[in-house]
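Written below as structure tokens is the structure these notes are about.
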Amino acid sequence: MDFWQTDITYLKKVGPQRAQVLKSEANIVTNEDLLLYFPRKYVDKSRIMKLTEVTEEDKFVSLVGKLSKIEEITGKNGKKRLTALFSDGSGVAELVWFQGVSFMKNVLKPNEEVALFGRPTVYGNMVSFSHPELDFLKGEPGEKVLNIMPFYSSTEKLSRFGFDSRGFRVLMKTLLEAGEKHIQETLSEEILTRYKLISRKEALTQLHFPESQDKLFHARRRIIFEEFFLFQLLLAGKRKISKSFNISPPFPKIGENFLRYYNEFIPFQLTNAQKRVLKEIRSDLARPIQMNRLIQGDVGSGKTMVAFLTMLIAKDNGFQSVLMAPTEILAGQHFRKISEYSEKLGLTVAYLVGGQKKSVRNKQLEITADGSADIVIGTHALIEDTVVFHKLGLVVVDEQHKFGVEQRAKLWKKAFPLPHNMVMTATPIPRTLAMTLYGDIDVSIIDELPPGRQPIKTITCYEKKRLEIFGFLRREMQAGRQVYVVYPLVEESEKLDLLAVEKGYELLQNAFPEFRVGIVHGKMPAENKEMEMKRFLKKETQILVSTTVIEVGVDVPNASIMVIENAERFGLSQLHQLRGRVGRGTNQSYCVLMTAHKRSSDARIRLKAMVEHTDGFKISEIDLELRGPGDFLGIRQSGLPQFQLANITQDQEILKIAREAAFDLIEKDPDLSLPENLVLRTELQLYKRKQTGLEGVA
Ligand code: ADP
Ligand code: MG
């Protein structure tokens, strides 16, 4: 049995009972799990401050000293608190706990040496800490005094069984003594040299018992590299497979329709970004391998035209195209626009959505199946069994995050050979995340808006300024503009939220008797929604009250103000999407974020980001930092592995080189059969087994 895969029970000084606790509390089952249980932080003795040096400016300090006068005090209101004095020889600080009083009282011992971490408050000469973090420094007799002391996560139960930080240090020592000789190098000499990485053995030892900050830095770098590298090897493997098996018809020809439209009819000059992306698409399509490309472009960056031109390439090579959108409103809009473009060339466009009249639907099904439609546009209705395509060669999906992977796959199944695939999204995935996650998807970015767009002005506004805002809306509407007012709606409080929308609708009708107000929300029948949208588009209504159903893609150029009610309740990417509904015409546009005084600190950061930034990529990066990758991607795509040390936003540089190294290696040695890669191959197999449930990864 491999030492590292051996159950932790058999490690010296552990035994069945303690092993059980390690398992239930820290998920440590094998020796390897223990080895990879890295310290949660380190205290560098050379960076410990003296109390007398602490000032108000210090956000966070580490101190070492002793406790005294540990007292439980009952306040006037009957609430208990725990206070203690902390002295480090240079001065005395006051510590206080309002929560967990009885637990802390048992933990704290006078005169024991502790390391303290916390945010100081300074009143005159007195420094105080509320809820500081404490770690007990008492060393095992004979334990080497480390300059950089590792601290491990522990729980109450783990501590009771001896696994506080000190207990873990002792255990790690035992583990490394027994296991050091079994630590195998996973990376080839070539990779180690090329990327200046230290050996695995050295890295793992230094992570648990660092000798210096510099060695710790290199140890972390090596292990983070390895974490990224293994995952990237999986992606690279998938890519290799899809490039050799996913055969699609090549579209080498740039023909009559494309050229005529491009030279005679495009109503504007393409931006350089649009041209660049189109070039990337053309080179994909020229090959007999399935194109799988994600087009990321901020709202208004002109993705539709890129899609249309791509469809013309399909047509010129004898193939039909389909465009699927997540809502009827959006599908309808695409249909109108693309029909208008297509008319110039005499091409036919079919339209398939739910709830069409039978006769209409049958006609659309017919022209789709017999190939008289060159382009088919619709919603999920396109996936139904009754829909049969004719030489389908290109699938374009708009706003991909609303569709599951399965739905896309269903559409592909309606064509043989595999159609080329293009996904358009206005919710940019930060580069780091795209790099982490995507193997066989290529990413194109339209990072330029058409010229002449004025940046949208964004402000936050409290309730008490509502009248002022209404005055502003009135002046804008008198000048002919239109206004969106959006209310939040979440499933958990759906009824209340719907009520709020309806109330808002009444409020606006009363406030603006001289204007007409429309309303759309998700619970309305589709044809009513469609009708309300049309009335707004035709300027029959000046204000449109809605829930987030308008979030995606709607294009009403005359609408220039977006008012978002309870803006603190929206996520950042949603706010950005909503704001993108205005600023589509030539008028100066505004986004007003109505907000309560009470907001969480995250909400404050979100609103601030909206006021300060208009670039979707910047916003998506802030969003990623706020929410973390798992949440950011949502459940549907949570194909993200659990990294122990690596952090995809903070360790971008390492991610980049690990990806490069992995894709390189798979190119040279696809099944890792060269002798220098054999250890890695075994490691990868183990890793694969651990990473179950990664099927959602593109
Ligand atoms: P999105 O990328 O959000 O889907 P659209 O494709 O709806 O954006 O384009 C937004 C608007 O910009 C449309 O009215 C479109 O006609 C216009 N547009 C697209 N490309 C250009 C361009 N290169 N120059 C000027 N206007 C453009
Ligand atoms: Mg669009």
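All ligand and atom numbering here is 1-based and tracks the order in the structure. Quick caveat: nothing in here was measured; it's all calculated off a predicted structure.
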Quiz item: If you measure from the Lys or Arg side-chain nitrogens to the Asp or Glu carboxylate oxygens, is any gap between Lys618 and Glu612 under 4.0 Å?
Solution: no
Quiz item: Any chance the side chains of Asp370 and Ser372 put a donor and an acceptor closer than 3.5 Å?
Solution: yes
Exercise. Compare Asp298, Ile266, Thr304 and give the one whose heavy atom is closest to atom 7 (O) of ligand 1.
Key: Thr304
Practice problem: Compute the shortest N/O to N/O distance between Phe268 and ligand 1 and return yes if it is under 3.5 Å, no if not. | Solution: no
Quiz item: Going by the atom numbers of ligand 1, which of them fall below 4.0 Å from some non-hydrogen atom of Gln269?
Solution: 22 (C), 23 (N), 24 (N)
Quiz item: If you count the atoms of ligand 1 from 1 in the order shown, which ones are under 4.0 Å from a heavy atom of Gln274?
Solution: 19 (C), 20 (N), 22 (C), 23 (N)
Quiz prompt | Test: Glu328 and Lys529 ion pair at under 4.0 Å | solution = no
Quiz item: Any donor-acceptor pair under 3.5 Å linking the side chain of Gln290 with the backbone of Asn421?
Solution: no
Quiz prompt | For Leu270, the ligand 1 atoms whose distance to one of its heavy atoms is below 4.0 Å | solution = 23 (N)
Quiz item: Does Lys414 use its side chain to pair, donor to acceptor, with the backbone of Glu384 at less than 3.5 Å?
Solution: yes
Quiz item: Lys337 heavy atoms, cut-off 4.0 Å: which ligand 1 atoms fall inside?
Solution: 13 (C), 14 (O)
Quiz item: Would you call Asp447 and Arg276 a salt bridge, taking side-chain N to carboxylate O under 4.0 Å as the test?
Solution: yes
Exercise. Output the list of atoms in ligand 1 that are nearer than 4.0 Å to some heavy atom of Arg584, sorted by atom number.
Key: 3 (O)
Exercise. Using distance alone, determine whether Gly300 and ligand 1 share an N or O pair under 3.5 Å.
Key: yes
Quiz item: Which atoms of ligand 1 sit under 4.0 Å from any heavy atom of Thr271?
Solution: 23 (N)
Self-check item: Charged N-O contact under 4.0 Å between Lys275 and Glu448
Solution: no
Quiz item: What atoms in ligand 1 come closer than 4.0 Å to a heavy atom of Ser301?
Solution: 2 (O), 8 (O)
